[in-house]
Protein chains: 2
Amino acid sequence: MTCKDFEKDHKKEMRAIQDSMDVLNGKWKIAVISSICYYNKRRFSDILGDIDGISNKMLSKELKELELNKLIKRTVLDTQPVTVHYELTAHGKTLQTIINNLTDWGIKHRKVIIGK
Amino acid sequence: MTCKDFEKDHKKEMRAIQDSMDVLNGKWKIAVISSICYYNKRRFSDILGDIDGISNKMLSKELKELELNKLIKRTVLDTQPVTVHYELTAHGKTLQTIINNLTDWGIKHRKVIIGK
DNA sequence: CAGTATCCAAAGGGATACTG
DNA sequence: CAGTATCCCTTTGGATACTG
């Protein structure tokens, strides 16, 4: 295993990792991304239904943060009452690799912890 | 972009991702892993010095959790006073890919957010 | 429908002091 | 050296009710 130079590159690497973690943190963030990703476009109440246990307050908060981080795009349709849909941005879609890695590692990890 | 089936695979995938995130969460976890990784073997007080801002309470907590998750190995040496060193397990070393991905994505993300 | 606002309990985490 | 223990403030997030 090779690790990058702790003294020299460490600060930068650390900041980069922390940036990623900050974006992904929050109890429901990845669930929200997955929901929007699968359906391509998804409305507020639909996502609320997709994710088991999430409250409207939390969904609202997570969506705002994802939008601030330019991972999703929010579109208001001029209907009565208003309809809003969310979709992933191009940048949001680049998360796919990370999400897949996290999935694969999580499965392996569970096996290590539970044992065989 | 292809996304896995939301209805069918979603629960499993979600759990796997959450498992990974749980392991990596905590303000200092990745910093601790990086420190131990770079130096191969590292003592408590050394790690404390490596990571800017961490308290002994938090370091103690993070180390315990990492050990519970079998990512690091704790060895007590019979000296006076006691010496303890920490090293990554084989399982801990498999995190390298994820850490690299998080680093790369974090750098790209920063560029997207700051803009050009 | 798509959120906000409010209240409140639990968890996270910093500072400091202490122990074998 | 390698941690524990304590205090205490901040953040997180659930439940519920309300709004344009």
Side-chain angles (χ1 to χ4, degrees), chain A residues 14-15 17-19 21-36 39-69 71-88, chain B residues 14-15 17-33 35-36 39-69 71-88:
Chain A
M14 230 50 170
R15 198 188 57 181
I17 295 172
Q18 205 47 61
D19 286 346
M21 294 298 285
D22 288 349
V23 167
L24 263 16
N25 269 350
K27 196 168 175 180
W28 312 98
K29 217 138 283 171
I30 296 181
V32 172
I33 293 171
S34 293
S35 166
I36 297 174
Y39 291 105
N40 248 334
K41 286 182 182 173
R42 203 71 176 148
R43 290 177 311 161
F44 189 88
S45 54
D46 292 332
I47 304 173
L48 208 53
D50 290 337
I51 304 171
D52 209 54
I54 196 171
S55 66
N56 54 352
K57 172 184 159 186
M58 277 303 108
L59 178 55
S60 174
K61 191 188 160 207
E62 303 285 49
L63 286 169
K64 271 183 189 163
E65 292 175 9
L66 291 172
E67 201 191 350
L68 264 173
N69 278 312
L71 299 179
I72 61 173
K73 185 173 176 292
R74 179 178 181 272
T75 311
V76 182
L77 302 180
D78 192 16
T79 55
Q80 186 56 274
V82 287
T83 307
V84 177
H85 66 232
Y86 294 92
E87 56 196 310
L88 289 188
Chain B
M14 229 51 172
R15 197 188 57 180
I17 295 172
Q18 206 47 61
D19 286 346
S20 297
M21 294 297 285
D22 287 349
V23 168
L24 263 20
N25 268 351
K27 194 168 177 181
W28 312 97
K29 217 139 284 172
I30 297 181
V32 172
I33 293 171
S35 166
I36 297 174
Y39 291 104
N40 249 332
K41 287 183 181 172
R42 203 69 176 149
R43 290 177 311 161
F44 189 89
S45 54
D46 292 332
I47 304 172
L48 208 54
D50 290 338
I51 303 171
D52 209 53
I54 196 170
S55 66
N56 53 353
K57 172 183 158 186
M58 277 303 108
L59 178 55
S60 173
K61 191 188 159 207
E62 303 287 48
L63 285 169
K64 270 183 189 164
E65 292 175 10
L66 291 173
E67 201 191 350
L68 265 173
N69 278 311
L71 300 178
I72 61 173
K73 184 173 178 293
R74 179 177 181 273
T75 311
V76 182
L77 302 179
D78 192 17
T79 54
Q80 188 54 274
V82 287
T83 307
V84 177
H85 67 233
Y86 293 92
E87 56 196 311
L88 290 188

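Numbers restart at 1 for each chain; the letters A, B, ... are given by sequence-line order, proteins then strands. It should be emphasised that the depicted structure is a prediction, and the values quoted were computed from it without experimental measurement.
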task = Would you confirm whether A/Ser60, through its side chain, and A/Asn56, through its main-chain N or O, come within 3.5 Å as a donor-acceptor pair?
result = no
query = A/Lys73: what forms a salt bridge (Lys or Arg N to Asp or Glu O under 4.0 Å) with it, not counting sequence neighbours?
reply = none
Where A/Leu88 and A/Ile36 come nearest, the two heavy atoms and their spacing = N-CG2, 3.7 Å
query = Over how many whole Å does the gap from A/Met58 atom CE to C/dA11 atom C1' extend?
reply = 14 Å
request  = Check the distance between C/dG13's C1' and B/Lys29's NZ and give it to me in whole angstrom.
outcome  = 12 Å
ask   = Between B/Glu62 and B/Gly26, what is the shortest heavy-atom contact and its length?
value = OE2-C, 3.5 Å
request  = Find which nucleotide of DNA chain D each of A/Lys27 and B/Val84 is nearest to by heavy atoms, and output the residue with the more 5' nucleotide.
outcome  = B/Val84
request  = Considering only heavy atoms of chain B and a distance under 4.0 Å, specify the first and last nucleotide of DNA chain D in 5' to 3' order that meet this criterion.
outcome  = D/dC1 to D/dC7
ask   = Residues in salt bridge (Lys or Arg N to Asp or Glu O under 4.0 Å) with A/Arg43, at least two apart?
value = A/Asp46
inquiry  = With rounding to the nearest 0.5 angstrom, report the CZ to CD distance, A/Arg74 to A/Glu67.
reply    = 6.5 Å
request  = Looking only at non-hydrogen atoms, find the nearest pair between B/Ser35 and B/Asp50 and report the distance.
outcome  = OG-OD2, 2.6 Å
All N/O contacts under 3.5 Å from nucleotides 7-9 of chain C to the protein, with atom names and distances to one decimal?
none

ask   = Do any of residues 75-82 of chain B sit with a heavy atom less than 4.0 Å from DNA chain C, and if so which?
value = none
query = Which heavy atom in A/Val23 sits nearest to a heavy atom in A/Leu66, and how many Å separate them?
reply = O-CD2, 4.5 Å
task = Report the secondary structure of DNA chain C in dot-bracket form, marking unpaired bases with a dot and bases paired to a different strand with |, and treating Watson-Crick or G-U pairs with both distances under 3.5 Å as paired.
result = ||||||||||||||||||||
Separation of A/Lys64 NZ from A/Ile72 CD1 (nearest 0.5 Å) = 12.0 Å
key: Main-chain N/O of B/Asn25 paired with B/Lys29 side-chain donor or acceptor, under 3.5 Å   = yes
ask   = For the pair made of CD in B/Glu62 and C1' in C/dG14, what is the distance, rounded to whole Å?
value = 13 Å
ask   = Closest heavy-atom contact between B/Asp52 and B/Trp28?
value = O-CZ3, 3.6 Å
inquiry  = Go nucleotide by nucleotide along DNA chain D from the 5' end; which of B/Lys64 and A/Trp28 gets its closest nucleotide reached first?
reply    = B/Lys64
inquiry  = Between B/Tyr86 and B/Val32, is the side-chain contact (heavy atoms from CB on, under 4.5 Å) condition met? List the steps.
reply    = CA-CA 10 Å; B/Tyr86 293 92; B/Val32 172; over 6 Å; no
Protein-nucleotide distance (B/Leu59, atom CG; C/dG14, atom P), rounded to Å = 12 Å
request  = I would like to know whether A/Gln18 and A/Met21 meet side-chain contact (heavy atoms from CB on, under 4.5 Å); could you show each step before the answer?
outcome  = CA-CA 5 Å; A/Gln18 205 47 61; A/Met21 294 298 285; 3.9 Å; yes
